[in-house]
Undergrad: 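Supplied in structure tokens, the structure appears directly below.
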Number of protein chains: 2
Amino acid sequence: MAMTDHTPPPPGKQMLSEQVYVRLRDAIMRGDYAPGDALKPQELARQQGVSLAVVREALVRVVGEGLADRLPNRGFAVPSFSDRRWQQIAEARRTVEPAVLRMSVERGDVDWEARVRAAHHRLARTPPYPRGESEHYSEAWSEAHRVFHRTLLEGCGNPVLLETFDRMWTAGELARRWSAHRDPGRDGVGEHRRLEEAALARDADAAAELLTRHLTQTAAALTDGAHYDAAKRPE
Amino acid sequence: MAMTDHTPPPPGKQMLSEQVYVRLRDAIMRGDYAPGDALKPQELARQQGVSLAVVREALVRVVGEGLADRLPNRGFAVPSFSDRRWQQIAEARRTVEPAVLRMSVERGDVDWEARVRAAHHRLARTPPYPRGESEHYSEAWSEAHRVFHRTLLEGCGNPVLLETFDRMWTAGELARRWSAHRDPGRDGVGEHRRLEEAALARDADAAAELLTRHLTQTAAALTDGAHYDAAKRPE
DNA sequence: ATAACACGGATAATCGATTATTTGCTCAAT
DNA sequence: ATTGAGCAAATAATCGATTATCCGTGTTAT
């Protein structure tokens with residue numbers, strides 16, 4: 001039989017609003033805008049060569065994910081995360097993820113095992129910093145890091161829980177990027193390796209405990225000695 | 001100092017897109033549309049007397065909350081939840097909420113205690129069914145039920161976790177409304193009362209355990225003997 | 001009879017322009 | 001000097017119309 005299927009989409013053939021959404025989302029996550037920066041529809045529309053409607057749709061979606069704030073009749077802006085907000089996200093992850101990891105370790109099939117191995121391998125051989133002692137993780141490492149943590153949980157087989165992880169991770173990454181002292185340069189390599197080992201050994205208790213510690217230590221490293229400049233919103 | 005503040009908004013004075021969004025959201029949650037029904041922008045715009053742009057914005061937001069599906073170039077539709085999907089939501093709640101309740105019971109202040117009491121009192125004196133043996137919970141009871149469960153968790157003081165609860169609750173309610181055999185008519189009054197007692201007695205272990213059982217039994221009641229007609233999506 | 005193709009209506013996506021709101025500024029009045 | 005009213009520019013929100021895409025239907029060639 002030949003290709004009764006839809007043609008494998010030529011990349012330029014999806015909706016404009018989708019492309020603009022992805023670009024906007026990535027730009028915010030990449031840190032192209034500073035917290036508090038206004039996201040002006042007209043400006044964005046001109047830059048990207050599209051109409052206001054598509055930019056507006058993209059902005060509404062971005063707001064829905066917590067990657068932008070909106071004030072009625074006053075426009076959109078990049079959110080300014082307070083230190084407090086970051087701690088709340090970290091606490092939420094500590095509260096949710098260990099339990100999900102337990103389920104994942106108990107349920108994951110052989111395909112999941114393979115993906116965990118691959119994700120850890122990729123993470124282990126990705127240099128955390130672009131060069132030398134930069135204070136920013138490399139984009140490649142950040143992505144590998146995300147994929148590793150997500151893959152660990154994917155064995156749970158529950159898309160609702162994974163979506164929860166996605167939202168918390170996204171919010172946490174954005175908050176971390178703009179937190180007081182950026183990345184601490186902490187070496188989590190050993191922790192990741194032990195996490196992988198416990199997961200593949202099907203030791204749910206150990207894996208959950210390791211993840212709790214991993215999240216706690218990461219949060220502590222980012223919090224300790226953080227000389228935060230301004231907690232713009234006391235919320 | 002006089003009123004340098006913005007005037008407390010006269011209710012008719014907010015954005016159209018916001019009003020349309022609320023109406024659309026409520027209509028879907030209320031069950032005004034059946035799963036699979038198309039949500040046609042033109043139709044909605046004509047009905048509500050607004051332009052396409054505002055309907056479109058509302059639809060995009062609704063999709064972001066999982067209350068509608070979108071197929072590019074084919075429009076929006078009310079999602080058809082499978083039985084499997086409902087079970088996943090229920091499992092996610094069992095995974096997350098007991099841990100949050102623990103935090104809440106350990107941290108909640110006196111104001112939280114008062115709100116828990118008020119929420120339970122309201123729930124206890126709201127009739128579950130509009131009249132007789134209807135198969136649908138009354139809107140009033142559903143809302144009181146939601147507020148009770150949310151208030152129980154609010155002592156945790158973590159908006160990230162509460163937002164997670166909100167999303168799961170919303171998705172669960174929509175899925176339940178259209179599940180195979182609707183409401184089971186199960187009497188959860190005693191469970192709610194015991195939950196309140198354990199929470200106010202600051203017994204975190206008991207509260208978490210009671211919540212786990214409550215969620216498990218509710219899910220079981222809705223699942224047992226469910227003669228589900230079609231699992232539209234094998235995902 | 002069946003399958004490939006072309007046409008046409010319906011609807012989604014996008015655009016350009018209009019209306020409404022906010023904000024900053026000027027300037028008079030205290 | 002400070003306060004407040006009153007423009008004016010900037011920008012958000014909304015609209016009406018245009019363009020692109022999908023889907024059913026009818027036609028034709030095998």
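Numbered from 1 within each chain, the chains take letters A, B, ... in sequence-line order.
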Undergrad: Whole-Å distance between dC22(D) C1' and R70(B) CZ?
TA: 15 Å

Undergrad: Below 3.5 Å between N/O atoms, which protein atoms pair up with nucleotides 16-22 of chain C? Just atom names and distances, please.
TA:
none

Undergrad: Applying side chain to side chain contact (heavy atoms under 4.5 Å, CB included), run through R150(A) and R115(A) and close with a yes or a no.
TA: CA-CA 10 Å; R150(A) 192 185 202 278; R115(A) 294 210 314 283; over 6 Å; no

Undergrad: Rounded to whole angstroms, how far apart are CG on L44(B) and P on dT11(C)?
TA: 12 Å

Undergrad: My understanding is that only residues two or more places apart in sequence, or in another chain, count here; which of them pass side chain to side chain donor-acceptor pair (under 3.5 Å) with R85(B)?
TA: none

Undergrad: So if I take every side-chain heavy atom of K40(A) and compare against dT11(D), dT14(D), dT14(C), which nucleotide ends up nearest?
TA: dT11(D)

Undergrad: Identify each donor-acceptor pair in which a side-chain atom of residues 35-54 of chain B lies under 3.5 Å from a protein atom, sequence neighbours left out, and give them as a table.
TA:
unit_1 : atom_1 : unit_2 : atom_2 : d
D37(B) : OD2    : A34(B) : N      : 3.0
Q48(B) : OE1    : R23(B) : NH1    : 2.3
S51(B) : OG     : A53(B) : N      : 3.4

Undergrad: What integer distance in Å separates Q14(A):CD from dT14(C):P?
TA: 10 Å

Undergrad: Would you say R56(A) reaches dA12(D)'s phosphate, i.e. side-chain N/O to OP1/OP2 under 4.0 Å?
TA: no

Undergrad: Taking CD from E57(B) and P from dC15(D), how many angstroms apart are they, rounded to a whole number?
TA: 11 Å

Undergrad: Please list, chain by chain and in numerical order, all residues satisfying ring pair (Phe, Tyr, Trp, His ring centres under 6.0 Å) with W112(A), sequence neighbours excluded.
TA: none

Undergrad: Can you measure L59(B) atom CG to dA12(C) atom P for me and round it to whole angstrom units?
TA: 9 Å

Undergrad: Look at the side-chain N and O atoms of S17(A) and state whether any lies under 4.0 Å from the OP1 or OP2 oxygen of dA13(C).
TA: no

Undergrad: Identify which nucleotide among dA13(C), dT14(D), dA13(D) has an atom closest to any side-chain atom of F76(A), counting heavy atoms from C-beta outward.
TA: dA13(D)

Undergrad: A92(A): which residues meet the side-chain contact (heavy atoms from CB on, under 4.5 Å) condition with it, sequence neighbours left out?
TA: M168(A), N158(B), V160(B), L161(B)

Undergrad: Roughly, in whole Å, what's the span from CE in M15(A) to P in dT14(C)?
TA: 6 Å

Undergrad: Run the ring pair (Phe, Tyr, Trp, His ring centres under 6.0 Å) test against F165(A) and tell me which residues pass, sequence neighbours left out.
TA: W169(A)

Undergrad: Atom CZ of R46(A) and atom C1' of dC15(C): how far apart are they, to the nearest Å?
TA: 17 Å

Undergrad: Okay, side chain of S138(A), backbone of P127(A): is any donor-acceptor separation there less than 3.5 Å?
TA: yes

Undergrad: Taking atom P of dT11(C) as reference, at what distance in whole Å does atom CG of L71(B) sit?
TA: 16 Å

